[in-house]
Every structure is written in structure tokens, then in C-alpha cells.
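A short worksheet on the structure shown next.
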Amino acid sequence: MLKDTLEEDIKKAMLARNEDLLSTLRMLKSAIQYAEINKGVNYSATDEDILDVISKEVKKRRESIDLYEKGGRPELAEKETKELNILQGYLPEQLQEDEIKKLVDEAVSKTNASGIQDMGKVMGALMQQIKGKADAGLVSSIVKSTLTQN
């Protein structure tokens, strides 16, 4: 289970005295515990729940990196980049853009989408398939461009 892997990696980081890795993994563990608390008493996160938390944390890091770079704070952007790289190591292999386009085309034909007004239907069908395997922002932009071409 992913939670056990995380615990083991925290122990290894402690022994190796790798502060960057340790702080990122502790932050992730805390975010997972927060998600469990929000689900209810005695809830234990599944691997899917953990992947959702990791995906959210990755998204936060990407946004922070962008803001820090725009704000002229390269040292903070570098710290966020390190955390991003660590977090991405826990996500499944990400789909390439051409693979996403293929899945978008399949979802468009499956949902009989005819225009941009059907974007919600297409995204709903797609996100079940690619959850955790692709950045939702990238998928959204591909769906939007595909639907506006129809």
C-alpha cells in the first residue's frame, strides 16, 4: 500500500539525514492525515485517496513555482521544484500529450460531444480513466481545443 511505502521512505530519509526529502514526505503524510480526518472517524485513506492528495500537492507546487518565478524569487521556486520532483515520484507514470489527445478523441466520440458546451461530459468521462496519470489543466486545454475544432 502507498501509505506503507511513504512510512518506509520517511524512515529512510531520517536515517540518511536528507532534510529536503524528509520535510516533503512529512508534509505529504500530514496532508493525507488531514484528508482522512475530513472523511470521518477511523477512516483510513486508500491508495486512490492518497493519489488524489499527491495530485493536489503537485498542483499547489506548480502554481507556487509559477508565482515565485514571476515574483522574482528563484530560491523559493527552487525549493518548490525540489518538492515537486519528490511528490511526482509517488504518482503513476504520466501520460504523454499524444496519448491524452487519443483518449480525448475517444471520449468525445463516446459522449457524442458536439461543441464546447459538452466539455463537462467529456471531462467527466476522461477523468475517471486518467485520474492521477495526467495534469487536469493540460487535459482541459486539449479537450477545449478539440471541441472548438468540431
Side-chain angles (χ1 to χ4, degrees), residues 1-108 110-111 113 118-146:
M1 195 169 163
L2 202 50
K3 203 172 189 180
D4 297 331
T5 304
L6 183 62
E7 287 292 334
E8 285 300 313
D9 290 348
I10 289 173
K11 289 177 188 173
K12 288 176 187 173
M14 278 185 204
L15 291 172
R17 300 188 194 287
N18 185 338
E19 291 301 319
D20 290 337
L21 178 61
L22 185 59
S23 68
T24 301
L25 294 180
R26 283 182 171 161
M27 174 278 310
L28 179 58
K29 182 180 177 185
S30 174
I32 292 167
Q33 288 172 336
Y34 182 75
E36 288 176 333
I37 291 168
N38 285 335
K39 292 275 186 169
V41 178
N42 296 329
Y43 182 82
S44 182
T46 63
D47 281 352
E48 188 175 317
D49 294 332
I50 293 171
L51 288 175
D52 284 345
V53 171
I54 295 170
S55 294
K56 288 176 187 171
E57 293 299 323
V58 164
K59 182 179 180 187
K60 286 181 193 176
R61 296 306 172 286
R62 285 189 176 131
E63 291 170 354
S64 296
I65 290 167
D66 186 44
L67 291 173
Y68 287 142
E69 287 174 348
K70 286 179 182 174
R73 299 293 306 265
E75 70 284 357
L76 294 174
E78 182 180 330
K79 178 185 180 294
E80 295 289 326
T81 301
K82 286 179 185 176
E83 290 180 3
L84 175 66
N85 292 334
I86 291 168
L87 292 170
Q88 286 178 327
Y90 289 90
L91 288 174
E93 188 173 326
Q94 300 293 291
L95 295 171
Q96 300 299 318
E97 198 167 330
D98 56 330
E99 294 172 294
I100 296 171
K101 286 178 183 177
K102 182 180 172 192
L103 291 171
V104 166
D105 291 338
E106 290 172 10
V108 166
K110 190 164 82 173
T111 58
D118 295 323
M119 186 166 172
K121 288 195 298 190
V122 176
M123 287 296 291
L126 265 177
M127 291 316 284
Q128 294 300 321
Q129 281 182 286
I130 60 173
K131 194 173 201 168
K133 297 179 188 173
D135 177 45
L138 175 62
V139 174
S140 176
S141 66
I142 292 172
V143 168
K144 197 177 288 184
S145 68
T146 300

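These numbers were taken from a predicted model, which means no experiment stands behind them.
To the nearest 0.5 angstrom, S55 atom OG is 12.0 Å from K60 atom NZ. Here the CG-NZ distance, from L91 to K133, works out to 12.0 Å after rounding to the nearest 0.5 Å. In this structure, the separation between OG on S44 and CD on Q33 is 10.5 Å, given to the nearest 0.5 Å. Atom CG of residue L87 and atom NZ of residue K56 lie 14.0 Å apart, to the nearest 0.5 angstrom. Taken from CZ in R73 to CD1 in I65, the straight-line distance is 14.5 Å, to the nearest 0.5 Å. For the atom pair CE (M27) and CD1 (I32), the distance works out to 9.0 Å, reported to the nearest 0.5 Å.
Of the charged side-chain nitrogens involved, none lies within less than 4.0 Å of a carboxylate oxygen, so that R17 and E19 do not count as a salt-bridged pair. Checked for salt-bridge contact, K70 and D66 meet the test: a charged N lies under 4.0 Å from a carboxylate O. A salt bridge does not link E7 with K3: every distance from a Lys NZ or Arg NE/NH1/NH2 to an Asp or Glu carboxylate oxygen is 4.0 Å or more. The existence of a salt bridge linking K102 and E99 is excluded, since no basic side-chain nitrogen approaches an acidic carboxylate oxygen closer than 4.0 Å. Ion pairing of E8 with K11 is present here, as a side-chain N (NZ or NE/NH1/NH2) and a carboxylate O approach within less than 4.0 Å.
Taking all atoms of both residues into account, the shortest heavy-atom contact from N18 to L21 is OD1-N, 3.2 Å. Residues A77 and E69 approach most closely at CB-CG, 3.8 Å, considering heavy atoms. Smallest separation of non-hydrogen atoms from D47 and L2: OD1-N, 2.9 Å. What you find for M1 and A45 is that their closest heavy atoms are CE-O, 3.0 Å. Contact record, V122 with A113: CG2-CB, 3.5 Å, taken as the closest heavy-atom pair.
Residue E93 places its CD atom among 12 or fewer non-hydrogen atoms of other residues, nucleotides or ligands, all under 6.0 Å distant. A 6.0 Å sphere centred on OH of Y43 holds more than 12 heavy atoms belonging to other residues, nucleotides or ligands. In K121, the NZ atom is crowded: over 12 heavy atoms of neighbouring residues, nucleotides or ligands sit closer than 6.0 Å.
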Q | Trace of the side chain to side chain contact (heavy atoms under 4.5 Å, CB included) decision for K12 with L15 | A | CA-CA 5 Å; K12 288 176 187 173; L15 291 172; 5.8 Å; no
Q.
Set out, in order, the CA-CA distance, both residues' side-chain angles and the distance that settles salt bridge (Lys or Arg N to Asp or Glu O under 4.0 Å) for E36 and K39, then state yes or no.
A. CA-CA 5 Å; E36 288 176 333; K39 292 275 186 169; over 6 Å; no
Q: Test side chain to side chain contact (heavy atoms under 4.5 Å, CB included) on I50 and L6 and set out the steps.
A: CA-CA 10 Å; I50 293 171; L6 183 62; 5.8 Å; no
Q) What do the steps show when you test Y90 against V53 for side chain to side chain contact (heavy atoms under 4.5 Å, CB included), and what is the final call? A) CA-CA 11 Å; Y90 289 90; V53 171; over 6 Å; no
(Q) Evaluate I86 against E57 for side chain to side chain contact (heavy atoms under 4.5 Å, CB included), listing each step before the verdict. (A) CA-CA 11 Å; I86 291 168; E57 293 299 323; over 6 Å; no
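At least one donor-acceptor pair closer than 3.5 Å links the side chain of D49 to the backbone N or O of T46. Counting only distance, with no hydrogens or angles, the side chain of S30 and the backbone of R26 share no donor-acceptor pair below 3.5 Å. Side chain of R62 to backbone of V58: no donor-acceptor contact under 3.5 angstrom is found.
Within the 4.5 Å cutoff, the side chain of D118 has no heavy atoms near those of the T111 side chain.
Exactly one of V143, V139, D105 qualifies for a side-chain contact (heavy atoms from CB on, under 4.5 Å) with I100. That residue is V139.
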